[in-house]
Amino acid sequence: MSAPDEALHLTATDLRMAVFRLARRLRCARAVDAMSDAQLAVLATLRLHGRRTISALAERERVTAPSMTSMINGLEEQGYVIRIPDEEDRRRVHVDITEAGTAIVAETIQQRDQLLADMLGELDFTDDELATLREAAALMRRVVDR
């Protein structure tokens, strides 16, 4: 492995480990303890992108349509989503988030942001270090948004 390839690989390893550990800590903060990360992800998708079909949600979350149907059934029973029949094709159903679902997502985001802010605050970073973290966050978004 060449030096640039080795540096890239080491960077990837360090980044993966840091992101994994951070994500694990943040996942502990949620508005509803009994809600899974997968359920929160579906609600967040619906909040951000609007109503979707079950198959579109399944594809986005990389699960099977039957698994997504089961998840939607649970979210619907809890009042976090509703099913809306397609106006053109009555066999197709769309899923949309309810106000209660939107509130769960917003509260979870707030809790996670506060947890991370508290974690950062405990470390007494300098302004330059905080700027570096913001720059790193922008670079990481480029990686995942491509």
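All values derive from a computational prediction rather than experimental measurement. Computed from heavy atoms alone, side chains included, the values below leave out hydrogens, waters and symmetry copies.
- Legend: salt bridge (charged side-chain N to carboxylate O under 4.0 Å, His left out) pairs involving residues 114-124, not counting sequence neighbours: none detected.
- Taking every heavy atom of both residues into account, Leu46 and Arg51 meet most closely at CD2-CA, 4.2 Å.
- With contacts defined as side-chain heavy-atom distances shorter than 4.5 Å, the pair Leu123/Glu129 does not qualify.
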Derivation and outcome, side chain to side chain contact (heavy atoms under 4.5 Å, CB included), residues Leu22 and Leu116: CA-CA 9 Å; Leu22 178 59; Leu116 185 53; 3.7 Å; yes
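- Closest approach of Leu115 to Ala29, counting heavy atoms only: CD2-CB, 4.2 Å.
- Qualifying side-chain contact (heavy atoms from CB on, under 4.5 Å) partners for Arg24, counting only residues two or more places apart in sequence or in other chains: Phe20, Arg27.
- Atom CG of residue Asp96 and atom NE2 of residue His94 lie 10.0 Å apart, to the nearest 0.5 angstrom.
- Leu26 and Val42 are not part of a single hydrophobic cluster, where members link through side-chain heavy atoms under 4.5 Å apart.
- Under the side-chain contact (heavy atoms from CB on, under 4.5 Å) criterion, Thr102 pairs with Arg47, Ile97, not counting sequence neighbours.
- Considering every non-hydrogen atom in both Thr98 and Gly79, the closest pair reads OG1-O, 2.6 Å.
- Residues Val63 and Leu57 fail the side-chain proximity criterion, which asks for heavy atoms closer than 4.5 Å.
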Could you go step by step and tell me if Val95 and Met68 meet the side chain to side chain contact (heavy atoms under 4.5 Å, CB included) rule? CA-CA 11 Å; Val95 179; Met68 183 57 66; over 6 Å; no
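- What you find for Gln39 and Ala34 is that their closest heavy atoms are OE1-O, 4.2 Å.
- Taking 4.5 Å as the limit, every side-chain heavy atom of Glu61 sits out of range of all side-chain heavy atoms of Met71.
- Within the structure, side-chain hydrogen bond (donor to acceptor under 3.5 Å, both in side chains) pairs that include any residue of residues 5-20 comprise Ser2-Asp5 (at least two apart or interchain).
- Taking 4.5 Å as the limit, every side-chain heavy atom of Leu40 sits out of range of all side-chain heavy atoms of Val32.
- Proximity of a side-chain donor or acceptor of Arg52 to a complementary backbone N or O of His49 within less than 3.5 Å is detected.
- In the hydrophobic clustering of ILVMFWY residues, with side-chain heavy atoms under 4.5 Å counting as a link, Val105 and Ile82 come out apart.
- Annotation for Asp127: atom CG does not count as buried by contact number, only 12 or fewer foreign heavy atoms lying within 6.0 Å.
- Contact check on Arg91 versus Asp86 returns no salt bridge, with no Lys/Arg side-chain nitrogen under 4.0 Å from an Asp/Glu carboxylate oxygen.
- Here CD of Gln110 is found 12.0 Å from CZ of Arg112. Values are rounded to the nearest 0.5 Å.
- Side-chain contact check for Met140 versus Leu15: some heavy-atom pair is nearer than 4.5 Å.
- Residues forming a side-chain contact (heavy atoms from CB on, under 4.5 Å) with Arg83 (at least two apart in sequence, or on another chain): Ile54, Ile72, Asn73, Glu76, Val93.
- Evaluation of the side-chain contact (heavy atoms from CB on, under 4.5 Å) rule for Ser70 yields no partner, not counting sequence neighbours.
- Atom CG of residue Asp89 and atom OG1 of residue Thr53 lie 11.0 Å apart, to the nearest 0.5 angstrom.
- For the atom pair Gln111 CD and Glu107 CD, the distance stands at 5.0 Å (nearest 0.5 Å).
- Side-chain contact check for Arg92 versus Arg90: every heavy-atom pair is 4.5 Å or farther apart.
- Rounding to the nearest 0.5 angstrom, the gap separating the CZ atom in Phe125 from the CG atom in Leu130 is 7.0 Å.
- Rounding to the nearest 0.5 Å gives a distance of 6.5 Å between CG of Leu133 and CG of Leu120.
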